[in-house]
Amino acid sequence: MLKLVNVNKSYRTSEVETLALREVSLEIAAGEFVAIMGPSGCGKSTLLNILGLLDSPSDGEFWFFDEEIARYKERQLTLLRRRYVGFVFQSFNLIDELTVEENVEVALLYRSVARGDRKRRVAAALEKVGLPHRARHLPQQLSGGQQQRVAVARALVAEPRLILADEPTGNLDTANGEAVMDMLTEIAQAGTTVVMVTHSHAHAAYAARTLNLLDGQIVAATLLAA
């Protein structure tokens, strides 16, 4: 499903060039749950941005659903991202002025989904994360755990084939963090690929495979014991 071959990513200024990823090669199968770990500055966010079509490799191959897209233009990447990718962020990124259902619906507004279908899909997504009774509430009326569940519903509502989660439990207490991890596990078991950046070894253990990055390179990969 996702395949990187000898991918490098560098950032240049007028005076210096920084190599964020170095000869990264990996494959992620459909429906797989993969965790990415490593110290700050090791390239985790850069890798996640490339996988989420928010950035492109400087060189190397990137196969996305059997399509080599490493040299795609921004408009082409945007169309693929809207069609295939959902995001869950540490900071929730909800719009304070919109209700819970409106925040979830935002993910469908750029996809030309008919109004009736949008309402049905929003209701189904909120039901899946256990928040149908909060549909008319504003984000500030929810707990942190509930806000993150809204963010998961927003990622799910477009029925993506890939969900990227960047420290999704970083702002949550233990109980709410485990609840979010249970949801991501269920999403992967239902066939959606999940790639998560985390600093938590306990939460990485929910994934089927953990990739460890150091200085822009994958230095270890750990499979969950059967």
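Residues: numbered from 1 along the sequence shown.
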Can I get a per-line list of side-chain donor-acceptor pairs under 3.5 Å for residues 153-160, giving both atom names and the distance, sequence neighbours left out?
from	atom 1	to	atom 2	distance (Å)
Arg154	NH1	Asn93	O	2.8
Arg154	NH2	Phe92	O	2.8

Can you run down the salt bridge (charged side-chain N to carboxylate O under 4.0 Å, His left out) pairs that involve residues 91-112, sequence neighbours left out, and say none if there aren't any? Glu101-Arg136, Glu105-Arg118, Glu105-Lys119
Hey, could you give me each pair passing salt bridge (charged side-chain N to carboxylate O under 4.0 Å, His left out) that has a residue in residues 24-33? Not counting sequence neighbours. Glu32-Arg209
Remaining members of hydrophobic cluster (4.5 Å side-chain criterion), Leu214: Val219
Please tabulate, for side-chain N and O atoms in residues 34-49, each donor-acceptor pair with protein atoms closer than 3.5 Å (sequence neighbours left out).
from	atom 1	to	atom 2	distance (Å)
Lys44	NZ	Gly38	O	2.9
Lys44	NZ	Pro39	O	3.2
Asn49	ND2	Ser45	O	3.4

Sorted by chain and number, sequence neighbours left out, salt bridge (Lys or Arg N to Asp or Glu O under 4.0 Å) with Asp55 holds for Lys9
Those residues that, when tested against Arg71, pass salt bridge (Lys or Arg N to Asp or Glu O under 4.0 Å) (two or more places apart): none
Return the set of residues passing side chain to side chain contact (heavy atoms under 4.5 Å, CB included) with Arg75 (not counting sequence neighbours), or none when no residue passes. Leu79
Can you list everything that forms a side chain to side chain contact (heavy atoms under 4.5 Å, CB included) with Arg22? Sequence neighbours excluded, please. Asn8, Leu19, Gln217
Applying ring-ring contact (aromatic ring centres under 6.0 Å, His included) to Phe89 and not counting sequence neighbours gives Phe87
Sequence neighbours left out, what passes ring-ring contact (aromatic ring centres under 6.0 Å, His included) with Tyr11? Give chain and number order. none
When clusters are formed by joining ILVMFWY residues with side-chain heavy atoms under 4.5 Å apart, either directly or through shared neighbours, do Leu54 and Leu26 land in the same one? yes
Sequence neighbours excluded, every pair satisfying side chain to side chain donor-acceptor pair (under 3.5 Å) that has a member inside residues 170-184: Gln90-Asn171, Asp173-Asn176
